[in-house]
Amino acid sequence: NDEAERSTDPVTFENDFEGYRIYRSTDPDFRDARVILTGRGTSTFGNGKPVAQFDLKNGRSGFSETTVEGIAYYLGGETGITHSWRDTTVINGQQYYYAITSYDYGSSIVLPQGGVFRYYPSENAINVSRTLRGGTIFPKNVVSVRPNPKVLGYTPAQASEVTRVAGEGIGTVQLKVLNSALVPDNHLFKITFNTVPDSVHPVSYNLKDSTTGEVLFTSGTDWNASGLGLVGKGILPLITTLSTIAVDTVRSGFAPGTRTNAQLIVSYSRGAMMAIDHRREGFPYDLTVTFSDNYIDTVITTFGRSLPVKFRVTTQTPSGPKRLSCFFVDANGDSTLSNAGSAEEITVLTGPDSLLYIDRFTWSIKLKVNADSIRTPTAGDVYHLRLQYPYGANDAFVFTSKGEIVSGEDAKKGFRGSPYVVPNPYVGAASFEPEPYGVQGRGDRRIEFRGLPQNCTIRIYTVRGELVQTLRHDGTTEGYV
C-alpha cells in the first residue's frame, strides 16, 4: 500500500515523504545491515545499510545537509518509486529476514527569532521481538523468507486476459502475477479509473476484488506499464493510455456521399491558451462541420468583428449537440473555407463565454493543399472530427484469477529423479543453519531434502538398515523438509 506516500509530518504538517529502503539480514535482529557507525565509531547508527533504496524524482538526492553524530542521511539517487522488488542474490535454503521502511527528506521550519531549522530525515524503525523459546514476533514491515524450489507438480497462480466491459478509452491493460501465494482462486477483479472535472487524463486507477467486494487500492499511477505500480493480492496491473486526446485520423473525414474532394487539416491550435488536457465547456468532444451555399452561422473575424459564414461547427456533448463559436480568417472574402495554402483558417472556440475569444482558441481547421484541383466544400458536405481519448471514469476492465495448484500427475512424472539432499556430503555445518538463540552449545544442525512432492514420508536409515528418523512433508507448496 502507499499510505506512507500520502502521509503528512505530524510537526510541520507537510507531505515530506521521500522514499523506501529495503534491508536484508540472515538474523532477525538485522545485525547484517548494521554496518554504519557514528562519526566517532562508538556505535552503530540507524537501521544500517539497505540492500535496495528507491526515492522520488523530485530534485532531492545525495546526502542530507543536517548531520547527527557526524552522519548525514543518504536521500537516494533519483531512482523513482517502485512498489515491487526482486532479490536475485539469495541462496536456496538460507533463512532471510526482510524489512521495508519509508523515510522523509527532513522538512524545515522558520524559527520565531529568525533563521531556519531543518530536521534530520526520519525513518521507520525495525522492531523484531524474540521469545524465550527462540520464536520471533514480526512487525508489519518485516517478513521471513526461505527461498527453495516448489514441490513437484507445482503450477503458479495465473490471471486471465482482461476484458473491457465499458468505455472507449485508448490504451493497454495487462497483468503480472508477482506473488502466487496471495492470488485467490476463481475470483473476479475489476479495474476502473478516477478523474477530476477539469482534466482529460485520469488521475489514478483502482483495483477491486469483485468477488469479496474488497477495494485493494485506489491510487495506481504507473501509466507507462513500467512495473513500478501498486500490487493487489499478488497481481500487478500494467497499464498504458494516451497522455491526452488525439485526432482519430482513420475515422475522421467527410461523410460518405459528399461531393467535395477536399481534405481538411485539423490540429490543436498553436494559439491555444488552455492546455489540451484541460476539460472545459465544449471540449473534448467530437466535432461536426456542416457546409452550405447560404449563410448559416456568424463567427468572429479580425478585430473582433462579426462575420456571416456558410458553415457551422457543432460538438457532440454528453447532453446532446452544441453549437460552437469560431474565429475565422477569410482570405478571399467568400465566407467559407476555400483557399488552400493561404492564411485562411477556422479556429474553433471552447470554454466559457466570459473569456476573451483569443483565450478560447482550441481547434485549427484548414484546407489541405493538393496537386489536383479542389472542389471546395459546399452544400451537403459534412466533415466529422473523431477523437481518441485516454481511459476515464467510463472505462472498466475485468479479469479472473486462478490460484496456485499442485498437479498429482505432473508430480509423479517429476518424482523419478528429482529428490535430493543438501548439503551432500554434510561436513561440519551447512551455510543455512540458524544461529543458536536461547540454547547452550552449537545449536541446530540441518540437512534438507528437496525436490519433494506435496505429501510424502521420508525415512532415514543407517547403512545397516536401522530406522533413524521419519520425516513427513507438511502438504505446503514448499518443496523441501
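Sequential numbering from 1 along the given sequence is applied to the chain's residues.
- Looking only at atom types and distance, the side chain of Thr317 has a donor-acceptor partner in the side chain of Ser319 under 3.5 Å away.
- In terms of modelled atom types and a separation under 3.5 Å, the side chain of Thr195 and the main chain of Gly392 share no donor-acceptor contact.
- In this structure, Ala52 and Phe54 approach most closely via the heavy-atom pair CB-CE1, 4.0 Å.
- Heavy-atom contacts from other residues, nucleotides or ligands closer than 6.0 Å to CD of Glu14 number more than 12.
- Taken from CD in Glu161 to OG1 in Thr400, the straight-line distance is 10.0 Å, to the nearest 0.5 Å.
- Between Tyr119 and Phe117, the two ring planes are perpendicular [angle over 60°; tilted spans 30° to 60°].
- Under the 4.5 Å side-chain criterion, counting only non-hydrogen atoms from C-beta, Cys456 is not in contact with Phe449.
- The existence of a salt bridge linking Asp395 and Arg164 is confirmed by a sub-4.0 Å separation between a basic side-chain nitrogen and an acidic carboxylate oxygen.
- Side-chain contact between Tyr74 and Pro50 is absent, with no heavy atoms from C-beta onward closer than 4.5 Å.
- Taking every heavy atom of both residues into account, Leu236 and Gly229 meet most closely at CD1-O, 3.5 Å.
- Here the side chains of Arg251 and Gln388 are not in contact, with every heavy-atom distance at 4.5 Å or above.
- In terms of heavy atoms, Ser252 sits closest to Val247 at OG-CG1, 4.0 Å.
- Glu448 and Asn148 are linked by a side-chain donor-acceptor pair at a separation below 3.5 angstrom, with hydrogens and angles left out of the test.
- The ring pair (Phe, Tyr, Trp, His ring centres under 6.0 Å) contacts involving residues 151-194 comprise Phe189-Phe399, Phe193-Tyr391, where partners must be two or more places apart or lie in separate chains.
- One distance of note links CG of Asp32 with CZ of Arg24; it measures 8.5 Å at 0.5 Å rounding.
- Contact annotation: the side chain of Phe45 approaches that of Val68 to within less than 4.5 Å [non-hydrogen atoms, C-beta and beyond].
- Between Tyr20 and Ile22, every side-chain heavy-atom pair lies at or beyond the 4.5 Å cut-off.
- A distance-only check finds no donor-acceptor pair linking the side chain of Asn194 to the backbone of Val203 [under 3.5 Å].
- Judged purely by distance below 3.5 Å, without hydrogens or angles, the side chains of Asp87 and Thr89 pair a donor atom with an acceptor atom.
- Judged by distance alone, the side chain of Tyr389 and the main-chain N or O of Pro284 form a donor-acceptor pair under 3.5 Å.
- Salt bridge annotation for Glu214-Lys233: present, with a cationic side-chain nitrogen under 4.0 angstrom from a carboxylate oxygen.
- Judged purely by atom type and a 3.5 angstrom limit, Asp55 uses its side chain to pair as donor or acceptor with the backbone of Thr79.
- Judged by the 6.0 Å distance and 45° axis criteria, Arg21 is not positioned over the aromatic ring of Phe30.
- His201 places no side-chain N or O within 3.5 Å of a backbone atom of Thr244 that could act as its donor or acceptor partner.
- At least one donor-acceptor pair closer than 3.5 Å links the side chain of Asp104 to the backbone N or O of Ser122.
- Atom NZ of Lys208 has 12 or fewer neighbouring heavy atoms from other residues, nucleotides or ligands inside a 6.0 Å radius.
- Here the closest heavy-atom approach between residue His83 and residue Val231 is recorded as O-CG2, 4.3 Å.
- Looking at Arg360, its side chain never comes within 3.5 Å of a backbone N or O of Ser325 through a donor-acceptor pair.
- Side-chain atoms of Asp222 come within 3.5 Å of backbone N or O of Gly227 as a donor-acceptor pair.
- The pair Arg464-Glu466 does not count as a salt bridge, with every side-chain nitrogen at least 4.0 angstrom from each carboxylate oxygen.
- Here the closest heavy-atom approach between residue Val142 and residue Ala99 is recorded as CG2-CB, 3.8 Å.
- The main-chain N or O of Arg31 is never found under 3.5 Å from a side-chain atom of Asp29 such that the two would form a donor-acceptor pair.
- Checked by atom type, the side-chain pair Asp474/Thr476 shows a donor-acceptor distance below 3.5 Å.
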Could you go through the side-chain hydrogen bond (donor to acceptor under 3.5 Å, both in side chains) check for Arg280 and Thr350 one step at a time?
CA-CA 7 Å; Arg280 65 260 192 191; Thr350 63; 3.0 Å; yes
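- Judged by distance alone, the side chains of Glu123 and Tyr73 do bring a donor and an acceptor atom under 3.5 Å apart.
- Between the OG1 atom of Thr42 and the CG atom of Leu37 there is a distance of 8.0 Å, given to the nearest 0.5 Å.
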Could you list the donor-acceptor pairs under 3.5 angstrom formed between side-chain atoms of residues 166-182 and any protein atom two or more places apart in sequence or on another chain?
| from | atom 1 | to | atom 2 | distance (Å) |
| --- | --- | --- | --- | --- |
| Thr172 | OG1 | Thr240 | OG1 | 2.4 |
| Asn179 | OD1 | Ala181 | N | 3.2 |
| Ser180 | OG | Ala157 | N | 3.0 |

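- Between Thr315 and the options Phe283, Trp363, Tyr285, a side chain to side chain contact (heavy atoms under 4.5 Å, CB included) holds for only Tyr285.
- Between the NE2 atom of His278 and the OG1 atom of Thr362 there is a distance of 9.5 Å, given to the nearest 0.5 Å.
- Counting only heavy atoms from C-beta outward, the side chains of Tyr205 and Phe397 never approach each other to under 4.5 Å.
- Side-chain atoms of Tyr105 and Pro121, non-hydrogen and from C-beta on, never get closer than 4.5 Å to each other.
- Between Ser269 and Phe327, the closest side-chain pair of non-hydrogen atoms is not below 4.5 Å.
- Summarising the geometry of Leu287 relative to Leu324, their closest heavy-atom pair is CD2-CD1, 3.6 Å, with the distance given to 0.1 Å.
- The backbone N or O of Pro184 lies less than 3.5 Å from a partner atom in the side chain of Ser401, making a donor-acceptor pair.
- Taking CG from Leu216 and CG from Leu207, the interatomic distance works out to 4.5 Å, rounded to the nearest 0.5 Å.
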